[in-house]
Amino acid sequence: MTAISAAPVPAIPPHSLLVFLLQVAVLLLLATALGQLAARFNMPAIVGELLAGVIVGPSLLSHAWPSLADWLLPKDPNQLHLLDAVGQLGVILLVGLTGMELKFDLVRRRGSTAVRVSLAGLLLPLALGVGVGFLLPDSLIPGGTSTTVFSLFLGVAMCVTAIPVIAKTLIDMNLLHRDVGQLTLAAGVFDDVVGWFLLSVVSAMATAGLTTGTVATALLYPVLVVAAAWLVGRPLVKWALRAANRSQSPTATVAVTTLIVLFGAAATQAMHLEAVFGAFVCGVLIGTSGELDKEKPAPLRTTVLAFLAPVFFATAGIRMDLTALTRPTVLATACAVLTVAILGKFVGACIGAKMSGLGRWEALALGAGMNCRGVIEVIVAMVGLKLGVLGPETYTIIILVAIVTSLMAPPILRIAMARVDENTEVEMGLSGPRDLAPSPPASV
């Protein structure tokens, strides 16, 4: 009796491949051009990259040229999943690179001051965001989503800080070596770590539902991931990077680094946590291993930041629908959320700064830096949309928070730092060994 062989999996249809290639090409072209234009006007490049998606999405192209919009971005889920896969790969590797470049020695040097600023800048916007979430109209909460989970997710979105954007801003303004600049980065590192942890917890709650068991599991799993990464993952990462370093070519290091991040992302995804949490943890393991040659991952960094990340941010922009802001309820909600996000971060960071004996201008500068959401907020919003916690309206609002807060940081920093005397910083005891953090690329 002859065995019947399984039919081969059909290849991607030629038309689907054509549309996919044009989607990537058009989004990359617009994202690169608009990102460079934004940078020329001293704005974060992410603003232009998000705008690329807004142009071809429901906010503009669908109204100006509906037939072209339907052809380029058909409603077929299988077609859009191809584009999403590229974006997801980009964000996982981008988060891994972010973890690799965090400077934990800054936190150690700045000690209690950085922790006070960070905690105040985390807890106040978190509490305000949760409170606002419970007050929003039910029409803005997706059906089937618990109000508690939605509110917790909004609180997490309000409390994050974008290290890549603020670090690039500090470098461009020659403030990275100033004490307030270093303190901002140190507090931001602490913010990032806590923010990714909270995101993984709330994501697990959204996936499994709100019961005593699922809440306990959601809190326990991230702790187990971090413990396993430290006890088991750390020596394995050291061994793998040491083996890769035997090659003079960067190819081996790039491959090993990519594999570690992807396996870490897959592990947390399998645990019903977010893939980006595993990518972040593995990025931290790589960056703190002591075995990483900082120059060898440069080809990976270039590929992610020049190709994959801009496509991801453009796909994030596609999902924005600015026409929703014409509805009074949505516009009022956007204004309320934006106000809470800004006040929460500024007031929280200022309280932490005042508790540490800093002056009002130093406190204002710290508030401006901590208020910058940028890339991290976009990733949080995409996670919420994917999980069904956010609807199109609330997603659009959170992306607007990312854009507005990123645009606010440079002018406020210029005003505040022009009034901060470097001698005053030294007298306050903020000085310490200086360490120039690696320059984050303009695209993030």
Side-chain angles (χ1 to χ4, degrees), residues 6-31 49-50 52-95 140-145 149-150 153 199 203-204 206-209 262 265-266 268-270 272-276 279 307-324 378-399:
V9 177
I12 180 173
H15 179 71
S16 296
L17 179 59
L18 170 63
V19 172
F20 168 68
L21 293 174
L22 287 176
Q23 285 174 336
V24 174
V26 169
L27 289 178
L28 182 60
L29 172 63
L30 288 174
E49 292 165 354
L50 287 167
V54 170
I55 289 173
V56 301
S59 300
L60 188 58
L61 188 62
S62 292
H63 296 279
W65 197 344
S67 58
L68 177 60
D70 290 341
W71 189 90
L72 185 63
L73 294 170
K75 300 300 187 289
D76 179 10
N78 293 326
Q79 183 72 62
L80 289 177
H81 287 168
L82 291 173
L83 188 60
D84 277 340
V86 177
Q88 287 300 311
L89 181 62
V91 73
I92 285 169
L93 293 176
L94 178 61
V95 170
L140 295 179
I141 302 176
T145 299
V149 171
F150 172 82
F153 199 92
L199 177 62
S203 298
T207 302
L262 291 180
T268 52
Q269 182 71 28
H272 301 292
L273 301 175
E274 270 305 303
V276 289
F307 169 44
L308 293 173
V311 171
F312 165 73
F313 291 124
T315 59
I318 286 174
R319 288 169 167 80
M320 289 184 71
D321 187 2
L322 296 178
T323 61
V378 175
I379 295 172
V380 170
M382 286 289 282
V383 169
L385 190 65
K386 182 180 71 174
L387 293 173
V389 177
L390 301 179
E393 298 90 352
T394 46
Y395 171 82
T396 299
I397 290 169
I398 291 179
I399 296 293

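The figures here come from the full heavy-atom set of this structure, side chains too, leaving out hydrogens, waters and symmetry mates. The first residue of the sequence shown is numbered 1, and numbering continues consecutively from there.
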What distance do [X] atom [atom1] and [Y] atom [atom2] have between them, rounded to the nearest 0.5 Å?
X      : Y      : atom1 : atom2 : value
Leu322 : His63  : CG    : NE2   : 9.5 Å
Ile318 : Ile55  : CD1   : CD1   : 11.0 Å
Leu83  : Phe312 : CG    : CZ    : 11.5 Å
Phe153 : Ile398 : CZ    : CD1   : 6.5 Å

Heavy-atom distance under 4.5 Å between the side chains of [X] and [Y], does that happen here?
X      : Y      : result
Lys75  : Asp70  : yes
Arg319 : Ile399 : no
Leu387 : Val149 : no
Leu308 : Leu94  : no

For the pair Leu89 and Leu262, evaluate side chain to side chain contact (heavy atoms under 4.5 Å, CB included) and give the outcome as yes or no after the intermediate values. CA-CA 9 Å; Leu89 181 62; Leu262 291 180; 3.9 Å; yes
Please report the shortest heavy-atom distance between [X] and [Y], naming the atom on each side.
X      : Y      : result
Pro66  : Ser62  : CG-O, 3.4 Å
Val56  : Leu73  : O-CD1, 3.2 Å
Thr145 : Gly388 : OG1-O, 3.0 Å
Glu49  : Pro310 : OE2-CG, 3.9 Å
Leu390 : Ala381 : CD1-O, 3.7 Å

Cut-off 3.5 Å, no hydrogens considered: what does the side-chain donor-acceptor table look like for residues 11-24, sequence neighbours left out?
unit_1, atom_1, unit_2, atom_2, d
Gln23, NE2, Leu72, O, 2.7

After noting the C-alpha distance and the side-chain angles of Val91 and Met382, does the key distance pass the side chain to side chain contact (heavy atoms under 4.5 Å, CB included) rule? CA-CA 10 Å; Val91 73; Met382 286 289 282; over 6 Å; no
Using the rule given for side chain to side chain contact (heavy atoms under 4.5 Å, CB included), can you reason through Leu61 versus Leu68, listing the C-alpha separation, both sets of side-chain angles and the distance that settles it, and then say yes or no? CA-CA 8 Å; Leu61 188 62; Leu68 177 60; 4.2 Å; yes
Over 12 non-hydrogen atoms of neighbours within 6.0 angstrom of CH2 in Trp65: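 Incorrect, the count does not exceed 12.
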Give a yes or no on whether the backbone of Met320 and the side-chain of Ser59 come within a donor-acceptor separation of less than 3.5 Å.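 Flag set: sc Ser59 to bb Met320 pair under 3.5 Å.
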Show your reasoning for whether side chain to side chain contact (heavy atoms under 4.5 Å, CB included) applies to Asp321 and Tyr395. CA-CA 9 Å; Asp321 187 2; Tyr395 171 82; over 6 Å; no
